Amino acid sequence: MEKLISRFWKGEIGLAKSFWIFGEVISGIFILILIYFEYKFLNNIDIFNSLPFINYDNFSYFTRLVFILRMIFLTVGVWRAAENYKGHIAWVVLTFIYLSPRFYHYKLLFIS
């Protein structure tokens, strides 16, 4: 598992696997786990008021920090995979366009 995470961080996993498996599927599961953590262990009942959309104002600062760390990890891993991609340049450009607004979006975690 550590080797897989290390390979992802270095961008050694293919772009499609990095983007879809790590960036979307595992990330979505991770978000659901964080929402459950907020509800179950921090007794944050308000977390369900904003679903299916995520309202970051309802999260604790600990969970917000975890979101930021997750975002940095995923963005760097997918970005590096895109840089190492040997296929058509259009996929690289589309990946960069998709990843770029993430930083703007996640700065809203701490601005209320």
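Owing to the predicted nature of the structure, the values given are computational and were not obtained by experimental measurement.
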Start with the C-alpha distance between F8 and V78, add both sets of side-chain angles, then the distance that settles side-chain contact (heavy atoms from CB on, under 4.5 Å), and finish with yes or no. CA-CA 8 Å; F8 173 75; V78 174; 4.0 Å; yes

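Side-chain heavy atoms closer than 4.5 Å link hydrophobic residues (I, L, V, M, F, W, Y) into clusters, and following such links, possibly through other members, connects V92 to W20. One hydrophobic cluster, built from ILVMFWY side chains closer than 4.5 Å, holds both I97 and L15. Taking hydrophobic clusters as Ile, Leu, Val, Met, Phe, Trp and Tyr residues chained together by side-chain heavy-atom distances below 4.5 Å, F30 shares a cluster with F41. Transitive grouping of hydrophobic side chains (ILVMFWY, heavy atoms separated by less than 4.5 Å) keeps V25 and I35 in distinct clusters. Hydrophobic clustering, with ILVMFWY side chains joined whenever heavy atoms are under 4.5 angstrom apart, groups W79 together with I89.
A pairwise comparison of heavy atoms in R70 and S27 identifies NH2-OG, 2.6 Å as the closest pair.
Taking CD1 of I31 as the reference point, atom CD1 of I26 lies at 12.5 Å (rounded to 0.5 Å). Note that NE2 of H88 is 10.0 Å distant from CG of L94, once rounded to the nearest 0.5 Å. Once rounded to the nearest 0.5 Å, the distance linking OG of S6 with CD of E12 reads 6.5 Å. With rounding to the nearest 0.5 Å, the separation of CD1 in I72 from CG in L74 is 10.5 Å. Atom OG of residue S60 and atom CG of residue L42 lie 5.0 Å apart, to the nearest 0.5 angstrom. Here CG of L4 is found 9.0 Å from CD1 of I21. Values are rounded to the nearest 0.5 Å.
Geometric assessment of R64 against the ring of Y61 yields a positive cation-pi assignment under the 6.0 Å and 45° thresholds.
By the 30° and 60° cut-offs, the orientation of the rings of Y98 relative to F19 is perpendicular. Between W9 and F73, the two ring planes are parallel [angle under 30°; tilted spans 30° to 60°].
In this structure, the side chains of E38 and F62 stay at 4.5 Å or more apart for every pair of heavy atoms.
When ring centroids are compared, Y85 and W91 stay outside the 6.0 Å threshold.
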